[in-house]
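Structure in structure tokens, see below.
Nothing fancy with the numbering, it's 1 onward along the sequence. Each ligand, and each atom within it, is numbered from 1 in the order the structure gives.
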Amino acid sequence: MKKIYIRTFGCQMNVRDSEALLGLFLEKGYAQAESEKDADVILLNTCSVRAHAEHRVHSILGSYKKLSAISRQPSAKKNKKAESLPKVRLKAESCKIIGLIGCMAKNVGEEVAKRFAHVDLIVAPSRLHKIPEYVQRIVDQRPKTKDQRPGLRIIDLEDGTREETFYSAEYRQDKSHAQVVISTGCANNCAYCVVPFVRGALRLRAPQDIIAEVKRNVAMGRTRITLLGQNVNDYNFIEAEQSGTKRGYTRNHPTSHVLRPTSFVDLLKMVEAIDGVEEIEFLTPHPKNTTRELFKLMAKSKKIKKYLHLPFQAGSDRILKLMNRGYTKKEYLELVKDYKEITGGTIGTDIIVGFPTETDEDFAHTKEILEKAQFMGAYIFKYSLRPHTQALKLKDDVPAAVKEKRHAILLDLQKKISAIEADKR
Ligand code: 5AD
Ligand code: SF4
């Protein structure tokens with residue numbers, strides 16, 4: 001029996017993607033390996049949001065060289081096609097298939113292909129559903145002896161809609177909790193963020209498919225549900241005539257009524273109405289289109305957890321504008337005030353320090369939000385320049401030492417606030 005090992009970096013979306021993929025392999029008869037050494041197939045599901053996460057993966061990939069059978073000689077470089085036939089060097093322990101998948105594949109896959117001859121498979125986030133098929137093709141063409149034709153490398157960096165079958169496997173890590181993807185990609189353009197490039201355009205799963213996945217999980221005892229999207233508030237599903245066809249209407253007999261779009265709040269209500277669902281969470285809302293309607297639903301609901309992860313990123317209106325976030329400090333603080341008043345719930349956030357041109361005065365506004373909003377917890381990041389982002393046009397001019405200092409100040413402040421908030425509960 002072949003064994004697979006998937007190592008995951010980054011966010012909850014990646015955790016869920018790895019789980020869904022592992023499930024597909026298990027259904028194909030693979031077993032889960034304990035470690036890389038034990039595996040026939042090793043996949044790194046990666047994150048590109050910050051530079052240092054990418055550096056780590058580069059060094060892990062380098063260390064896998066000794067695990068691989070393949071040494072793609074310079075001739076492979078000349079071959080510009082996605083699938084190349086490299087020369088082969090067989091070793092005793094050979095034959096592990098090594099894949100770089102997810103955001104880094106899209107972001108730096110072509111460089112990685114040139115630098116690391118032993119990487120067999122490079123697949124972007126939108127194409128993860130193709131991986132079991134690709135691995136099978138690589139296995140089928142794996143060289144058995146030196147004299148045979150060497151193996152196959154597959155690079156797929158297309159953007160597109162994932163096939164629904166990607167979410168079909170029954171396997172879940174957790175007995176009582178299930179994460180359910182509601183959308184892939186991102187329609188926002190925050191100036192620092194590489195996600196819209198690596199994960200592609202926003203695409204929504206149909207409410208029927210999401211509800212069916214929730215019901216399957218509830219039937220298996222997983223009654224805590226987390227809905228996942230880069231910005232869940234962007235969910236607004238409009239049933240197209242074509243998909244109406246798929247759902248039982250024919251194109252010759254279209255529905256006589258126009259269907260109202262399903263908003264995120266509508267979707268939450270649909271999930272809430274499912275018998276057996278006990279707790280609902282969601283990640284991540286964006287402040288610019290988080291509504292009071294959502295807060296009212298949270299207040300009323302016995303199932304939706306009264307916790308909101310609401311990244312504010314920066315406090316100064318000037319920096320927020322440069323970041324293209326679509327709200328001001330005042331609007332953010334009003335949103336938090338209303339959220340707390342309406343729901344009585346808790347709140348968390350993400351912050352970036354040292355965005356280009358950030359002065360001490362700008363930073364003081366960030367500190368002010370931290371002091372006023374009283375978050376349960378905050379993820380605080382030092383700005384790092386990312387390819388394919390609008391912020392590339394700005395010079396990364398805040399010195400590393402200043403970023404470090406601002407980061408330490410916020411960490412220290414938040415530690416105190418978190419302790420006070422935890423005491424209140
Ligand atoms: N530099 C630093 N932090 C970033 N984030 C996103 N892009 C960058 C970047 N270029 C942070 C944001 C986001 C979180 C997932 O990562 O705070 O909310
Ligand atoms: Fe990045 Fe902004 Fe989309 Fe979040 S909403 S993934 S920060 S572009």
Side-chain angles (χ1 to χ4, degrees), residues 8-17 45-57 102-104 106-108 125 179 183-199 226 228-234 282-290 308-316 319-320 322-327 332 335 347-358 362-363 365-367 369-370 373 375-400 402-408 410-411 414:
T8 309
F9 301 81
C11 62
Q12 287 308 309
M13 188 66 91
N14 271 10
V15 172
R16 171 60 192 137
D17 284 349
N45 191 10
T46 55
C47 173
S48 292
V49 165
R50 285 170 299 276
H52 84 102
E54 286 198 341
H55 297 153
R56 243 182 93 206
V57 171
C103 296
M104 264 182 82
K106 179 77 179 179
N107 198 28
V108 291
Q179 294 184 313
S183 62
T184 58
C186 184
N188 305 126
N189 268 308
C190 302
Y192 50 80
C193 187
V194 74
V195 166
F197 173 74
V198 288
R199 288 199 171 260
T226 302
L228 293 179
Q230 298 300 334
N231 172 9
V232 289
N233 304 325
D234 283 339
F282 53 88
L283 271 177
T284 310
H286 188 307
K288 76 172 175 190
N289 56 359
T290 295
L308 197 70
H309 189 79
L310 198 66
F312 75 86
Q313 311 297 5
S316 129
I319 297 290
L320 283 170
L322 282 176
M323 285 180 164
N324 195 25
R325 289 289 288 174
Y327 53 87
Y332 182 83
L335 197 61
I347 189 164
T349 201
D350 291 354
I351 308 165
I352 299 174
V353 295
F355 188 79
T357 76
E358 186 186 68
D362 293 319
F363 176 65
H365 291 287
T366 299
K367 254 177 80 185
I369 293 194
L370 211 65
F375 300 104
M376 281 288 278
Y379 294 100
I380 304 160
F381 305 106
K382 287 170 268 181
Y383 172 75
S384 71
L385 202 132
R386 302 283 59 215
H388 310 286
T389 59
Q390 289 162 27
L392 276 184
K393 287 189 220 126
L394 304 168
K395 201 166 153 236
D396 184 12
D397 58 355
V398 179
V402 174
K403 286 182 186 167
E404 197 61 61
K405 195 170 143 222
R406 290 178 187 163
H407 186 250
L410 293 190
L411 273 182
Q414 184 53 43

So, are Asp396 and Arg386 salt-bridged, with charged N and O less than 4.0 Å apart?
->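 Between Arg386 and Asp396 there is no salt bridge, as every charged N stays at least 4.0 Å from the carboxylate O atoms.
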Residue portion contacting ligand 1 (non-hydrogen atoms closer than 4.0 Å) for Val49 =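 Within the 4.0 Å criterion, Val49 contacts ligand 1 through backbone and side-chain atoms alike.
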With respect to atom 7 (N) of ligand 1, which of Tyr379, Tyr192, Phe355, Tyr383 exhibits the smallest heavy-atom separation?
->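 Checking each option, the heavy atom nearest atom 7 (N) of ligand 1 is found in Tyr192.
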Record the part of Phe381 in heavy-atom contact with ligand 1 below 4.0 Å; permitted values are side chain, backbone, both and neither.
->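 Just the side chain.
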Minimum side-chain heavy-atom gap Gln390-Cys190 below 4.5 Å |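 With C-beta onward as the side chain, the pair stays apart.
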Would you sort out whether Leu320 and Phe355 count as a side-chain contact (heavy atoms from CB on, under 4.5 Å), showing the intermediate values?
-> CA-CA 10 Å; Leu320 283 170; Phe355 188 79; over 6 Å; no
Report the part of Gln313 in contact with ligand 1, treating N, CA, C, O as backbone and CB onward as side chain, heavy atoms under 4.0 Å; options are side chain, backbone, both, neither.
->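 Side chain only.
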Residue pair Asp17 / Asn45, side-chain donor-acceptor N/O under 3.5 Å |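 Their side chains do not contain a donor-acceptor pair, so the 3.5 Å distance test is not met.
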Could Lys403 and Tyr383 be counted as a cation-pi pair, given that NZ or CZ must be under 6.0 Å from the ring centre and within 45° of the axis?
->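 No cation-pi geometry.
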Atoms in ligand 1 with a heavy atom of Arg386 nearer than 4.0 Å =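 Near Arg386, meaning under 4.0 Å from one of its heavy atoms, ligand 1 has 10 (N).
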